[in-house]
**Student:** 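First the structure, then my questions, so here it is.
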Amino acid sequence: MPRDPYEVLGVERDASTQQIKKAFRQLARELHPDVNAHDPDAEEKFKEAAEAYEILSDEERRATYDRYGHEGLRSGGYAPNFDAFGSIGDLFEAFFGGGGGGFGARSGPMPGGDVAVAVEVDLLEAAHGAKVEVAYEAIERCEHCNGNGAEPGTPITTCDRCGGAGRLQAATRTPFGQMVRTVVCEVCEGDGRVAEQPCRQCRGRGRRASKRTIEVEVPAGIANGQRLRLEGRGHVGELGAPAGDLYVLVRVREDSRFVREGDDLITALDVPAPLAALGGRLEVSTLEGTTELELTPGTQPGEVLTVRGEGMPTLGRGRRGNLRVVVNVVIPRRLSDEQRELLEQLHGTLTEENLRSEESMFAKLRRALGSQAA
Ligand SMILES: [Zn+2]
Ligand SMILES: [Zn+2]
């Protein structure tokens, strides 16, 4: 059974129409989806309040309810029908008119919308910074009519349809009966003024979409997925309002040689097993070229050597991260007869002392599995 409508609206049984209206508005304000997006019950609560209002705002219905309760209303053929509305937003629209019904409704000229584009750079460009051309489409003020929508030299007059107000009262049939709401005038689109001869280039809209190409400075050190914001480079706003912004999503292409971790770069270096045992100097690739690396005798698989300052720059600062070189000891996969003999000889001479290590089993596992915790 539905709740008592007086209770739902929190009014006395002898409340005036004015008090009922006020109570409902107050409740609706609290339940509005813009205010109350976090409350999943808001829609149900609003429907309950709307039903209570529907009963109490109608004299005849209210009298029936007062005498016979909900059952009296139902048997009289009355049934609330709020499910006809698609969403709570539509419900508010029907009740309070367009633009959220005065709950923070926008006034004044509308600012332009934002535009989002994506660009791709490679790792080297991300490290050094790059200038990238970005092409996108944005709404701009029509140059031909200078944004006023009239063919140059022709007059602009007050809109006949709305008398210059830009808005009209429109009656809509809803489950609550006839609702009067305010809508934007369809002739002047809210301007209140119309061009007698609409601009040929923009068909009187004063604005038009155009392709733009601009050069965007991608700063050194940018990471994959970061966005740059270019203020005022989005769609143009209505006269007197600012333009929107351009957001540039920067994607950094994957590199075949380096993995990035924060400001560090990580690479793998193949070292033949005998060389790992003997040690020596090795050439390793950096982002910009190569560098020499000193391998100590007895280097183990998974050991990490650090080359200072060969990583990525820190965004907005001068210093750079490091290059971490993970030693990948490569065991020969095929052997000639001679090599096999040599290895057999070596194997025969190895003692416990040759292989001894201070590492615990866990440390060995961590290193072999490539964990940084080793
Ligand atoms: Zn124009
Ligand atoms: Zn108008």
Side-chain angles (χ1 to χ4, degrees), residues 25 28 32 34 85-87 89-117 133-216 229-248:
R25 269 198 161 273
H32 193 272
D34 288 354
F85 292 99
S87 70
D90 294 343
L91 211 55
F92 270 87
E93 176 89 12
F95 245 102
F96 301 110
F103 301 110
R106 206 178 259 108
S107 62
M110 284 263 287
D114 296 333
V115 179
V117 289
E133 283 214 333
V134 176
Y136 64 104
E137 207 165 80
I139 296 175
E140 285 182 343
R141 186 153 298 134
C142 173
E143 275 171 24
H144 187 61
C145 64
N146 208 14
N148 66 23
E151 188 60 26
T154 67
I156 300 173
T157 53
T158 301
C159 174
D160 285 338
R161 181 90 174 84
C162 63
R167 283 165 199 285
L168 293 166
Q169 302 283 310
T172 325
R173 202 164 277 286
T174 77
F176 313 110
Q178 190 99 326
M179 288 282 157
V180 176
R181 58 196 188 107
T182 305
V183 294
V184 172
C185 172
E186 76 277 7
V187 173
C188 63
E189 287 175 337
D191 287 345
R193 289 148 63 79
V194 281
E196 276 184 14
Q197 219 178 303
C199 167
R200 275 185 287 117
Q201 302 252 314
C202 64
R203 288 196 217 96
R205 284 167 52 232
R207 300 188 289 173
R208 55 184 183 159
S210 72
K211 286 188 164 56
R212 267 187 222 174
T213 304
I214 61 166
E215 203 168 62
V216 174
R229 176 167 167 264
L230 282 82
E231 214 177 312
R233 297 302 201 111
H235 298 305
V236 77
E238 287 180 0
L239 274 172
D245 300 329
L246 174 68
Y247 285 95
V248 182

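Order of appearance sets the numbers: ligands from 1, and atoms from 1 within every ligand. In this chain, residues are counted from 1 in sequence order.
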**Student:** Check residues 156-165 and write down every donor-acceptor pair under 3.5 Å in which the side-chain atom is one partner and the other belongs to a residue at least two apart or another chain.
**Tutor:**
| from | atom 1 | to | atom 2 | distance (Å) |
| --- | --- | --- | --- | --- |
| R161 | NE | E186 | OE2 | 3.1 |

**Student:** For side-chain contact (heavy atoms from CB on, under 4.5 Å), just list the numbers for L230 and D245, CA-CA rounded to whole Å, side-chain angles, deciding distance to a tenth of an Å, and then say yes or no.
**Tutor:** CA-CA 6 Å; L230 282 82; D245 300 329; over 6 Å; no
**Student:** Hey, is the Zn ion (ligand 1) within less than 2.8 Å of some N/O/S atom on H144?
**Tutor:**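 Coordinating: no.
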**Student:** To the nearest 10 degrees, calculate the angle at the Zn ion (ligand 1) involving SG of C202 and SG of C199.
**Tutor:**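 Centred on the Zn ion (ligand 1), the SG/SG angle is 100° (to 10°).
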**Student:** Answer yes or no: is there a donor N or O on one side and an acceptor on the other, between the side chain of E137 and the main chain of A209, under 3.5 Å?
**Tutor:**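 Looks like no, no N/O pair under 3.5 Å.
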**Student:** Should E140 and H235 count as side-chain neighbours, where that means a heavy-atom distance under 4.5 Å?
**Tutor:**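 No, too far: nothing below the 4.5 Å cut-off.
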**Student:** Give, rounded to 10 degrees, the angle between SG (C162) and SG (C185) as seen from the Zn ion (ligand 2).
**Tutor:**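 The angle at the Zn ion (ligand 2) comes to 110°, rounded to the nearest 10°.
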**Student:** About how large, to 10 degrees, is the angle SG of C188, then the Zn ion (ligand 2), then SG of C159?
**Tutor:**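 It is 120°, given to the nearest 10°.
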